[in-house]
Amino acid sequence: MSADVKPVDIEPVEEFRLRARRWLRENMPLAGPGYRRGLTTLPDEEELAEVAEERRLQRLLWDGGFAGLCFPTEYGGQGLTQAHADAFNKELAGYRYPFRFQIPTIVPCAAVLLEFGTHEQKLAHIPAILRGDELWMQFLSEPGAGSDLAGSRTSAVRQGDDWVLNGSKIWTTGAWWSDWGLCLARTNWDVPKHRGLSVFMLPIHQPGIEISRIEMLNGSKEFCQEFLTDVVVPDSDRIGAVDDGWTVATRWLFHERSIHSSPLTLRPAVASGGHESYGEGGASLLELAEVAGRLDDPGARELVGEAHVLKAAQRELDRRVQATIAGRKGSDQLVSLSRLMQGVVSTRLTTIGYELAGADAAAWADDDEAVGARGVNYLTRQVACVGGGTTEMARNAIAERVLGMPRELALDRGVPFREVRSGSAGGAAARG
Amino acid sequence: MSADVKPVDIEPVEEFRLRARRWLRENMPLAGPGYRRGLTTLPDEEELAEVAEERRLQRLLWDGGFAGLCFPTEYGGQGLTQAHADAFNKELAGYRYPFRFQIPTIVPCAAVLLEFGTHEQKLAHIPAILRGDELWMQFLSEPGAGSDLAGSRTSAVRQGDDWVLNGSKIWTTGAWWSDWGLCLARTNWDVPKHRGLSVFMLPIHQPGIEISRIEMLNGSKEFCQEFLTDVVVPDSDRIGAVDDGWTVATRWLFHERSIHSSPLTLRPAVASGGHESYGEGGASLLELAEVAGRLDDPGARELVGEAHVLKAAQRELDRRVQATIAGRKGSDQLVSLSRLMQGVVSTRLTTIGYELAGADAAAWADDDEAVGARGVNYLTRQVACVGGGTTEMARNAIAERVLGMPRELALDRGVPFREVRSGSAGGAAARG
Amino acid sequence: MKLDLTADQELLLDTTRRYLADVVPTAVLRKLRDDPDGYEPGYWSTGAELGWTSLLVAEEHGGGSVSDDGLGDLALVAHEFGRAAAPGPLLTTNVVAGALSRAGGDAVAETLGALCAGESVAAWCWSEPRPKGGFGGIEAVAEPAGGDWVLSGVKSPVEHGAQADLFLVTARSGDGLVQLLVPAASAGVTVTPLKTLDVTRRFARVAFDAVRLPAAAVVGEPGGAAAEVERQLVEALVIQTAEMVGALDKAFELTVAWANDRYSFGRPLASYQALKHRFADMKMWLEASHALADAAAVAARDEPARAGELASVAKAYVGHYGPELCQDCVQLHGGIGLTFEHDLHLYLRRVAVGAALLGTPRDHRLRLADLVERRRDERKAEA
Amino acid sequence: MKLDLTADQELLLDTTRRYLADVVPTAVLRKLRDDPDGYEPGYWSTGAELGWTSLLVAEEHGGGSVSDDGLGDLALVAHEFGRAAAPGPLLTTNVVAGALSRAGGDAVAETLGALCAGESVAAWCWSEPRPKGGFGGIEAVAEPAGGDWVLSGVKSPVEHGAQADLFLVTARSGDGLVQLLVPAASAGVTVTPLKTLDVTRRFARVAFDAVRLPAAAVVGEPGGAAAEVERQLVEALVIQTAEMVGALDKAFELTVAWANDRYSFGRPLASYQALKHRFADMKMWLEASHALADAAAVAARDEPARAGELASVAKAYVGHYGPELCQDCVQLHGGIGLTFEHDLHLYLRRVAVGAALLGTPRDHRLRLADLVERRRDERKAEA
């Protein structure tokens, strides 16, 4: 990846910073106080309008020469370094930016393409992504497979120069407004599960793909399930070697876990010294304590302090993990520590919010939505420990891959996949 | 056991209660404010004096006709019911009593003898115990076996009418002042581990047994390790069938886990409605908060309240478990819930004590031992989750025996014991 | 839930269970989310025929329990409500009915008849909005004016306040407390429905703006209602914790079944020791919750002096470990446990709402610390 | 511990590590438990030659760090102290030495020479006994009297107070704070050794009863010492947390090795998933503790305005999760982990004592809440 390459004739970071600052001021809309990033439960038409706006913002970056800062120039990127990306993220604070492109389009999808795609595949899609033309989604999880991603039962059967795909994928965010899917499928049922997978890319909106939106308990309908029926994919849209899809998927998952530190994505920095995804731990909870009339209550203040501690701990742990990996002083698997920490910290902060809000988060007036939202957040608290690989899987990875402890017994290891027992439970997967 | 037998000519409980009340008043010394039960770190001569005093108290009960309330009369007991025992325990509040006899002499040792001993064996020992002549200890845990009690490597080899024992036992409380040991040993190495064990009883003080006292990190030297070298035990002191020792041990462990509810032991009741082992959760912590100048601090008060809740929860859970088992509405294995709860509650209460005491529990003046003891207790906090079977084993039992989930893979199952791998770690056991 | 039931209690439980399964299965609950009442017409009056509304009411007022322990019977019903995440003003109407029956007198006969028949709904107006009141704080004021009383204050959240025909309102009167029975249609009463986390249970904010009431509206002794109000709180907590425990019981049952059925890496989830140990902890929390909810109900019957203590203990424990248990059930289900189509959230909602209303675990821990201190001071005074 | 060390830092670390392993292996520590000082004569002065006492002292005063970051270097030494559960007045003497060096002047030269050489020990007298002071509260008072100052108050616990030749005492003077350097032999000083959980580190209570001192005893500006005292607290917390993290690191290392070696039911303990998941949590706590301890040291060097915040964050986190991590290590060892013969308790003690002194996690959480509120108010004032 270009983040590792530092040609001598590259623009000095400080010059770049000033150029970026000027350009942002002249071109980028400000975020403004009411601006919300992240998945919300907007009405469909508003959601589509936001998607269109973000495509426009991505195009703005492209036209201004700021799209794909650390992508190679031959695929439309800027060929700059992590230091440039950090500088840009600092300058980006306070501006709008194409949030929906960062995840999963740029990381992990484009990152996977960059690592495993052919020159033609990259030429066909990376510039299109950086231009704002293509939004990508992950066709990874399956109903019935849960955390066992390699247990994919979506099948791809070779027919001449094509592959024919059948099966179902689930937990794809916003598939209904996206363009392309990165899809893991089984191409060989007679070998153990990790050895019979391949990765494909495919347009989402086509006759063989039926998209069904899943209603979550907070009313969000962003997650989708797709039913693939005789979907034809040309072999030229296969990524990586046949039956070697798990090699691709392993890096795919690594990129997914590295979202908060990847040089490829934009993450506006905030004043408190971290990226905005860390925020300032206690600030919003302090407001909440004030609304609840508990600003003088040491019990409430202690919770505010605890939140601040946990946010800082998450930020500093992430930094340490990234520095360790970047300095090649530890394995990539250390990112599981960040993943676990994110889940643990997030659930605790949500719980603190519910505790501080008290009765008002269980039953609230129309004009008190901010407090009521604490209750709804509480109901969906575990999203942070399920989505993107469960915390259980992270704990397994830390024990086995980081600490080197014996691996769990897998009854499907070394067994042809068609003989593996899959249980009676249907429904959706244990991986959100 | 006689607790289940209710002959019609038994003394009515209320008459018994009055008789007990009168007798206690006339005969039993009061506990007094400074009286402490339980294992403390007394100098040896004081410890021996207390042991002698408790033998005298047990003898007092015997002479007064109150020893072994629920033991059969033919072995020196009173043949009464649980209701009588409950009444006696209520009357006993405020008096001294032979604490050291209750555990492990009466439960589990005498309980095991009662269940599996021959008539002769019972006649030889039960009255001696109830008279205060014999204190018993459990020769159960072994260094190197940890939670895996059935992995005993102490061997017993048949020689004519005798058995010759060799090996080592550990975590026997106060073996140095006790008389008899109940001992689990391996009599067959060519069958899987559970099928090659037998149980023996043996006098502790004899030439072939060397007793070594273990210093715990709080200075206590109550725990012992014994080294058995060619100890000869007559076959008439074998309890249960040869190689069927695990049947005995299973009930032995059940009795051990039922200590807090057994009708066989004395447990003075306290005012707050539970047995004294529950105490009143928050009371001593309230005193501590006052000493720490934090009585007005809601944070400290919340900890006091939490302690009160946890104590009550432990008490009510124990009651429910006992009622369920007594009413035959659930398996004996439910006692694992009580064991787990005890460990969880105890460690939390110890932690709360350390938190409330603050700096004074880390460094304290000679005249502030009560606060300093909170620190020492904190260091030994995990005793509650290790001693008498770890909380990990309790969780296994709840999942597997109560909820019926699949059992853990045991690599020693079905394998002749001499072929089982035991690892390189020496030292003491994971079961205190 | 209690271990030993009489045959009559088994019958009450069984008819309630079957009725709820027939009329409000989870598919129906999901549809009722937009219903302003949370239940269909007729649901409540048929429930009343099964005994749901008369268990705390004396026989002379048309009530009666199936055992000698009306609150214990009601706790059984509440437990089934929890297991079914059932709709309806169970807590709020029963607490008012019990209070009116204890107050007695001719005036209440007709009112109680309608409540017992399920024709009328009453709402218990005790909680007040934070921050003013805090837990247990009463800022509403009622003052005699001529022969009448004038009531002002705000109560929130009031369970089924928008469905109620009458409110039993606790207010301050001089140094003491007074309770007044207020028709919903009274001038000066404003009812604002609230949003809530629960799918079918409803709450409202009820404001009383100089509401003028006749002297007959006073229930009990004006200024001397503190002990009666405490008793009502105990009853409310017994019902609330019994229901929460029912919901926990069901959530846990679903999750054990899921873990046994679901395979991952060729093995059932239930074979993974890390999950087994969490199930063991959950089982311990669940059984302790059962034990404490039952102990609170028994104390309310047998040991009035300890009833408040045990109700607070039960609420503090169930209110803390219950939501954690539910969240762990969600985690063990994974993504599907976070969908609206799955049943799990119905129980999570019921438990989360229960934990937050009528005092958070923290509120009850502080109440217990006060109790521990009071007892200590009494012991000191004795010595 | 930091990831990127200079060659000089590696050397400092290596010599310290080897010296501690040679001179105070755990078998020696166990024997030192009854030693009033916690270490043998000569131990401290040899350590001083390795640089233990001069890292916060300017070169002009005979000190000097091996990098440009004296506190960072000292944190490395403290980390090794934690890994070895080593004895000696590391925190207390260094904080005083740093303060004196910053104050400068001719008077301190001789004193600093003796401290840097390890010939003299100084004790930092900041903490006061609860309940009066509470965390950070200063009740000791120093007042000018003629040309002298008179100091009264109690400091406790004072690290190595009974071994110290001098005390740097923080006291109140009018509306501000003053710091005074007090010879241990001064009239009116009473030193009472305390008992402690640690095996070799020593603490005392030091009472100052109208101790009369010359004006030259004042360090810095009388009444204006608040910022300097805050800086000392930050340095103390950086040293304390670095040492705690070292002890955690070692306890965790021992426990991972034990779990791999020890077999139960024919399998290594490390193969049990329930234990593996706890090891994963512990590893997360440990790495976050490393990260925060390092961040606090870096902030003290690079961002003085955030140093206090990060020191409190580190202390609150390590002080909470550290003892839990150690206790879980004990649990995973079982009975042997509770014996005096095993090494594990040496680290548990160091971590438990660290958690309780210089502010509990709760104290620091409250300090951070104050900070969050202050920032919020500043933002509001700006807007």
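Residue numbers start from 1 in every chain, and the chains themselves are labelled A, B, ... in the order their sequence lines are given, proteins ahead of strands.
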Engineer: Can you tell which of C/Leu348, C/Asp198, C/Thr360 has the highest number of heavy-atom pairs within less than 4.5 Å of chain A?
Structural biologist: C/Leu348

Engineer: What part of A/Ala365 lies closer than 4.5 angstrom to a heavy atom of chain C: side chain, backbone, both or neither?
Structural biologist: both

Engineer: Please state whether the side chain, the backbone, both or neither of A/Val415 comes within less than 4.5 Å of a heavy atom of chain C.
Structural biologist: neither

Engineer: Chain A heavy atoms under 4.5 Å from C/Ala352: which part of the residue, side chain, backbone, both or neither?
Structural biologist: both

Engineer: For C/Leu275, is it the side chain, the backbone, both or neither that has a heavy atom under 4.5 Å from a heavy atom of chain A?
Structural biologist: side chain

Engineer: Let me know if C/Arg30 has heavy atoms under 4.5 Å from chain A in its side chain, its backbone, both or neither.
Structural biologist: neither

Engineer: Does any backbone or side-chain atom of C/Arg201 lie under 4.5 Å from a heavy atom of chain A? Answer side chain, backbone, both or neither.
Structural biologist: neither

Engineer: Do the ring centers of C/His364 and C/Tyr317 come within less than 6.0 Å of each other?
Structural biologist: no

Engineer: Would C/Met282 and C/Phe252 count as a side-chain contact (heavy atoms from CB on, under 4.5 Å) if you check the C-alpha gap in whole Å, the side-chain angles of each, and the deciding distance to 0.1 Å?
Structural biologist: CA-CA 8 Å; C/Met282 288 193 275; C/Phe252 185 70; 3.6 Å; yes

Engineer: Determine whether the aromatic ring centres of residues C/His345 and C/Phe340 are separated by less than 6.0 angstrom.
Structural biologist: yes

Engineer: Checking A/Asp367 against chain C: side chain, backbone, both or neither under 4.5 Å from a heavy atom?
Structural biologist: neither

Engineer: Please classify the contact between A/Ala150 and chain C as side chain, backbone, both or neither, with a heavy-atom cut-off of under 4.5 Å.
Structural biologist: neither

Engineer: At a 4.5 Å cut-off on heavy atoms, which part of C/Pro157 comes close to chain A: side chain, backbone, both, or neither?
Structural biologist: side chain

Engineer: Can you pull out every ring pair (Phe, Tyr, Trp, His ring centres under 6.0 Å) where at least one residue sits in residues 402-422 of chain A? Sequence neighbours excluded, please.
Structural biologist: A/Trp189-A/Phe417

Engineer: Is the count of non-hydrogen atoms from other residues, nucleotides or ligands lying under 6.0 Å from C/Arg205 atom CZ greater than 12?
Structural biologist: no

Engineer: Sequence neighbours left out, what pairs pass ring pair (Phe, Tyr, Trp, His ring centres under 6.0 Å) with at least one residue falling in residues 340-369 of chain A?
Structural biologist: A/Tyr354-A/Tyr378

Engineer: Does C/Asp328 reach the main-chain N or O of C/Glu324 with its side chain, forming a donor-acceptor pair under 3.5 Å?
Structural biologist: no

Engineer: Let me know if C/Pro193 has heavy atoms under 4.5 Å from chain A in its side chain, its backbone, both or neither.
Structural biologist: neither

Engineer: Looking at A/Arg395, A/Glu355, A/Arg294, which has the largest count of heavy-atom pairs under 4.5 Å with chain C?
Structural biologist: A/Arg294

Engineer: Looking at C/Ser156, C/Pro323, C/Ser127, which makes the most heavy-atom pairs under 4.5 Å with chain A?
Structural biologist: C/Pro323

Engineer: Shorter than 4.5 Å, heavy atoms on both sides: which option in A/Leu409, A/Asp368, A/Thr347 has the most such pairs with chain C?
Structural biologist: A/Leu409

Engineer: So which of C/Arg278, C/Gln273, C/Arg202 has the biggest tally of heavy-atom pairs under 4.5 Å with chain A?
Structural biologist: C/Arg278

Engineer: Within 45° of the axis and under 6.0 Å from the centre of the six-membered ring of A/Trp246, does NZ or CZ of A/Arg195 qualify?
Structural biologist: no

Engineer: Please state whether the side chain, the backbone, both or neither of A/Val420 comes within less than 4.5 Å of a heavy atom of chain C.
Structural biologist: side chain

Engineer: Between the side chains of A/Asp148 and C/Ser264, is a donor N or O closer than 3.5 angstrom to an acceptor N or O?
Structural biologist: no

Engineer: Test the A/Arg213-A/Phe223 pair against the cation-pi criterion, namely NZ or CZ under 6.0 angstrom from the six-membered ring centroid and within 45° of the ring axis.
Structural biologist: no

